[in-house]
Amino acid sequence: MLKFFRNIRYKFIEEGRFINYLKYAIGEIFLVVIGILIAVSINNWNENRKQQQLFLTILKNIEDDMKSDTLVFYQTKDNFRKGDSIFKRILDNKMTREDYINCERCANIINAHAPLNFKSKGFEMLKGYVDNQNETKDSLASDILMFYSQVTDLSQIINEHIKNDVSGNLKYSKENHAWFYLNHEQRIKNEDFLNYVVNSTDFKNRVAMQRILVVKNLKSILDTFNKNAKILLPRIEARLN
């Protein structure tokens, strides 16, 4: 084929038909350019298709993460509700010695913390995907990133505050109370410990701080998560379908 085109060019030159040769050369260049543009267009189409498929895979991971967290946090909110009832009883001076003896959680309520964490596989994948995109960000991707960035940042901050507060409570007990080394069964038989949890203003202040951090802050984050998940999940499912 190439030999055929070369023969045509040589024939135009030998016959002195330079104008025809020039027209032919321009036409040949035009065909080459068109071929390149078609190849580039096909390559871009394939790349865009791959990127769209990757985005859908990421959305599926986010959907799974969000649904899983929603189920877990439903139970977590119930635990917060039960914990708050204990906080209120302590702060309202309604807890007796017998209540603390029969309620291990009540006696240790200022010394324990279960961090609130979100599944982040899909979120991390989406961050990497968006960082590699040169065009305008997808509005759904932007909303998901903003949502997860806010709730994860806030939960990390509150988790750290609670961790420090619990550490402070343990340090205080270690340095100021002889019953610190006792296990739960021994503590609830110790008069000094029972007097502390029933009558001490210091204990109630620490309980009040835990309630602010755990119930007021973490529960607020959960409420925000659930509220936004109800908005984002239908949008994700619509895009996947």
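Everything numeric here is computed off the predicted structure, so don't read it as measured data.
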Donor-acceptor contacts under 3.5 Å from residues 214-223 side chains, at least two apart:
residue, atom, partner, partner atom, Å
Asn217, ND2, Ile212, O, 2.6
Lys219, NZ, Asp223, OD2, 3.3
Asp223, OD1, Lys77, NZ, 2.9

Which residue pairs pass the salt bridge (Lys or Arg N to Asp or Glu O under 4.0 Å) test with at least one member in [range], sequence neighbours excluded?
range: residues 229-241; result: Lys67-Glu237, Asp138-Arg239, Asp143-Arg235
range: residues 177-200; result: Arg97-Glu191
range: residues 106-117; result: none
range: residues 111-125; result: Glu124-Lys127

_Pairing residues for Phe87 by the ring pair (Phe, Tyr, Trp, His ring centres under 6.0 Å) criterion, not counting sequence neighbours_ = none
*According to the ring pair (Phe, Tyr, Trp, His ring centres under 6.0 Å) rule, which pairs have a member within residues 218-241, sequence neighbours left out?*
Phe73-Phe225, Phe118-Phe225, Phe147-Phe225
*Pairs flagged by ring pair (Phe, Tyr, Trp, His ring centres under 6.0 Å) wherever residues 181-214 is involved - sequence neighbours left out*: His177-Tyr196, Trp179-Phe193, Trp179-Tyr196, Tyr196-Phe203
Nearest-0.5 Å distance that lies between atom [atom1] in [X] and atom [atom2] in [Y]:
X: Ile62; Y: Ile144; atom1: CD1; atom2: CD1; answer: 4.5 Å
X: Thr96; Y: Asn102; atom1: OG1; atom2: CG; answer: 8.0 Å
X: Lys227; Y: Leu232; atom1: NZ; atom2: CG; answer: 12.0 Å
X: Ile157; Y: Ile162; atom1: CD1; atom2: CD1; answer: 12.0 Å
X: Cys106; Y: Ile86; atom1: SG; atom2: CD1; answer: 4.0 Å
X: Asn61; Y: Ser120; atom1: CG; atom2: OG; answer: 11.0 Å

*asked:* Check this for me: does any side-chain nitrogen of one of Arg81 and Asp84 sit under 4.0 Å from a carboxylate oxygen of the other?
replied: no
*asked:* Under the criterion side-chain contact (heavy atoms from CB on, under 4.5 Å), I'd like the reasoning laid out for Asn183 against Gln186: C-alpha separation, chi angles, the key distance, then a yes or no.
replied: CA-CA 5 Å; Asn183 61 35; Gln186 294 170 322; 3.2 Å; yes
*Do Tyr100 and Ile90 touch side chain to side chain, with heavy atoms closer than 4.5 Å?*
yes
_N/O donor-acceptor pair under 3.5 Å between Thr57 side chain and Gln53 backbone_ = yes
Indicate the atoms forming the closest heavy-atom contact of [X] with [Y], along with that distance.
X: Val130; Y: Ala141; result: CG2-CB, 4.2 Å
X: Ala229; Y: Pro234; result: O-CD, 4.1 Å
X: Asn79; Y: Arg105; result: O-NH2, 3.3 Å

*Residues in side chain to side chain contact (heavy atoms under 4.5 Å, CB included) with Ile101, at least two apart?*
Ile188, Leu194
*Excluding sequence neighbours, so at least two apart, what forms side chain to side chain contact (heavy atoms under 4.5 Å, CB included) with Gln150?*
Met146
*Determine, using the 4.5 Å side-chain heavy-atom cutoff (strictly less than), whether Phe80 and Tyr74 are members of one ILVMFWY cluster.*
no
*Test side-chain contact (heavy atoms from CB on, under 4.5 Å) on Leu233 and Glu63 and set out the steps.*
CA-CA 7 Å; Leu233 276 173; Glu63 179 188 40; 4.0 Å; yes
*With Asn93, which residues qualify under side-chain hydrogen bond (donor to acceptor under 3.5 Å, both in side chains), at least two apart?*
Lys204
Would you be so kind as to tabulate the donor-acceptor pairs closer than 3.5 Å made by side chains of residues 164-173, with sequence neighbours excluded?
residue, atom, partner, partner atom, Å
Asn164, ND2, Glu160, O, 3.2
Asp165, OD2, Gln210, NE2, 2.8
Ser167, OG, Lys163, O, 2.9
Asn169, OD1, Arg206, NH1, 2.8
Asn169, ND2, Ile110, O, 2.8
Asn169, ND2, Asp165, O, 3.3
Lys171, NZ, Glu175, OE1, 3.4
Lys171, NZ, Glu175, OE2, 2.7
Ser173, OG, Asn169, O, 3.2

*Please test Leu140 against Leu59 for side-chain contact (heavy atoms from CB on, under 4.5 Å), starting from the C-alpha separation and ending with a verdict.*
CA-CA 10 Å; Leu140 177 57; Leu59 285 182; 4.1 Å; yes
